[in-house]
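Right, one structure below, let's go through it.
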Amino acid sequence: MGLLDDKVAVITGGGTGIGRATCLAFAREGAKVAVVSNVAAQADDVAAEIAATGGTARAFDVDVTDVAAVNALAAAVDNRFGRCDILVTCAGVMGARSFITDTDVDAWRTTIEVNLNAGFYCIKAFLPGMLERDAGRIITISSASGKLPAARNADYAASKHGVIGLTKALALELGILHKNGITANSICPGPVATPMMDAIADHLTHGGDRSRFDRAATDKSIQRRYLDPAEIASMALYLASDAGHSITGQAINVDGGTVLF
């Protein structure tokens, strides 16, 4: 028996990094997985990887900043799987990585749209079915930067602070509605070895030696290391399972001791 047998999970940003690891972890525990990405080939690869190990998955090529496309995704998931039991909003971008005075307005808007607004669009699309059944799990992916911002990181930090606020407000609303069968939590990863981290390193080092970058990124944590995406997926799995029923309205650090609050 798997922890998520017969559950249906929708995971945005599922084609790479933390999203991919979460898709694979959920599938191993028996979930039927909707792998959502705006890069069709990546979503297809993850869905095929799940199918090759006997799991059930379907790839969805969706731009989660497009409200109509997100609503269509919700309808397609209902049509294919009958419902959504678990929503994980993992799609994200690295942000401008520049001083506020040098941050282009369009770059700011893109970061907020992908990292924060898209999560709202997905929650709004998938929550009604959960409310009807009074059952579900909503897991958003924030960041250590959602609690501990840094210079040259304003748009990303603002978006990830917003993700935590959105998630906690959702949990409070679920309580007001007496929907105790639904939980809403955010995970705040620290430095994780993902393609996004590689892109940040390339951006800040101009493609050169990244040893100083790696030391700076990992020295902020007690364990002084990059996390594996599977470690974040493990927390998502726990929150998605029956064992996580009493946890809601939380922003949980999985960061090797980067943030101590």
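Reckoned from all heavy atoms, side chains included, excluding hydrogens, waters and symmetry mates.
For Ser37, the side-chain contact (heavy atoms from CB on, under 4.5 Å) partners are Val39, Gln42, Ala43, not counting sequence neighbours. Ala57 pairs by the side-chain contact (heavy atoms from CB on, under 4.5 Å) definition with Val33, Val35, Ala47, Ile50, not counting sequence neighbours. Residues satisfying the side-chain contact (heavy atoms from CB on, under 4.5 Å) criterion with Thr258, sequence neighbours excluded, are Ala144, Pro191, Lys220, Ser221, Asp255. With sequence neighbours excluded, the residues forming a salt bridge (charged side-chain N to carboxylate O under 4.0 Å, His left out) with Asp198 are Arg210, listed by chain and number. Taking Asp102 as the reference, Ser98, Phe99 meet the side-chain contact (heavy atoms from CB on, under 4.5 Å) condition, with sequence neighbours excluded.
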Please determine whether side chain to side chain contact (heavy atoms under 4.5 Å, CB included) holds for the pair Ile200 and Phe213, giving the CA-CA distance in whole Å, both sets of side-chain angles, and the decisive distance to 0.1 Å. CA-CA 9 Å; Ile200 294 170; Phe213 171 87; 3.8 Å; yes

For Ile222 and Leu260, what are the C-alpha separation, side-chain angles and deciding distance, and is it a side chain to side chain contact (heavy atoms under 4.5 Å, CB included)? CA-CA 10 Å; Ile222 291 170; Leu260 302 183; 3.9 Å; yes

Assess the residue pair Ile187 and Leu239 against the criterion (side chain to side chain contact (heavy atoms under 4.5 Å, CB included)); give the C-alpha distance rounded to whole Å, side-chain angles, the decisive distance to 0.1 Å, and a yes or no. CA-CA 10 Å; Ile187 299 175; Leu239 293 173; 3.9 Å; yes

Can you list the steps and then say if Asn117 with Ile112 is a side chain to side chain contact (heavy atoms under 4.5 Å, CB included)? CA-CA 6 Å; Asn117 294 349; Ile112 300 298; 4.0 Å; yes

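In this structure, CG on Asn253 lies 3.5 Å from NZ on Lys147, to the nearest 0.5 angstrom. The CG atom of Asp214 sits 15.0 Å away from the CZ atom of Arg224 when rounded to the nearest 0.5 Å. From Arg83, atom CZ reaches atom CE of Met130 across 10.5 Å, with rounding to the nearest 0.5 Å. Atom OG of Ser142 is separated from atom CG of Asn185 by 12.5 Å, given to the nearest 0.5 angstrom. Between the OG atom of Ser159 and the CG atom of Leu166 there is a distance of 12.0 Å, given to the nearest 0.5 Å.
The minimum heavy-atom distance between Thr89 and Thr12, with the atom names listed, is CA-OG1, 3.3 Å. In plain terms, the two heavy atoms of Thr248 and Gln250 that are nearest each other are O-NE2, 3.1 Å. For the residue pair Leu227 and Glu231, the shortest heavy atom distance occurs at CA-OE1, 3.4 Å. When all heavy atoms are compared, the tightest approach of Val10 to Cys84 is CG2-SG, 3.6 Å. For the residue pair Asn71 and Ala125, the shortest heavy atom distance occurs at OD1-CB, 3.6 Å. Minimum interatomic distance between Asn180 and Asp134 (heavy atoms only, all atoms of both residues): N-OD1, 3.5 Å.
Phe120 and Val163 end up in the same hydrophobic cluster when Ile, Leu, Val, Met, Phe, Trp and Tyr side chains are linked at under 4.5 Å. Both Phe126 and Ile123 are members of a single hydrophobic cluster when ILVMFWY side chains are connected at heavy-atom separations under 4.5 Å. Hydrophobic clustering keeps Leu4 apart from Val77 (ILVMFWY residues linked when any side-chain heavy atoms are closer than 4.5 Å, directly or through intermediates). Trp108 and Met196 fall into different hydrophobic clusters, where Ile, Leu, Val, Met, Phe, Trp and Tyr residues are linked whenever their side-chain heavy atoms come under 4.5 Å apart, directly or through other members. One hydrophobic cluster holds both Val36 and Leu87 under the rule that ILVMFWY side chains link at heavy-atom gaps under 4.5 Å.
Contact check for Arg97 versus Leu204: side-chain heavy atoms found under the 4.5 Å cut-off. You'll find the side chain of Tyr238 stays beyond 4.5 Å of the side chain of Leu3, heavy atoms only. When side chains are defined from C-beta on, Val254 does not count as touching Pro189, because their heavy atoms never get closer than 4.5 Å. Two residues are said to be in side-chain contact when any heavy atoms from C-beta on lie closer than 4.5 Å; Ile139 and Thr22 fail this criterion. Counting only heavy atoms from C-beta outward, the side chains of Leu174 and Leu127 approach each other to under 4.5 Å. Inter-residue side-chain proximity for Thr218 and Tyr226 is flagged as met; some heavy-atom pair is nearer than 4.5 Å. By the 4.5 Å heavy-atom criterion applied to side chains, Leu24 and Arg28 are counted as neighbours. The side-chain heavy atoms of His245 and Asp242, taken from C-beta on, include no pair separated by under 4.5 Å.
Applying the 6.0 Å contact sphere to CZ of Arg225 captures more than 12 heavy atoms from other residues, nucleotides or ligands. Arg212 CZ: 12 or fewer foreign heavy atoms inside a 6.0 Å radius. When the shell of 6.0 Å around CD1 of Ile100 is examined, it contains 12 or fewer heavy atoms from other residues, nucleotides or ligands.
There is a side-chain donor-acceptor pair under 3.5 Å between Asn153 and Ser145. Between the side chains of Thr140 and Ser186, at least one donor N or O sits under 3.5 Å from an acceptor N or O.
The side-chain hydrogen bond (donor to acceptor under 3.5 Å, both in side chains) pairs that include a residue from residues 46-66 are Arg20-Glu49, Asp63-Thr65, where partners are two or more places apart or lie in different chains.
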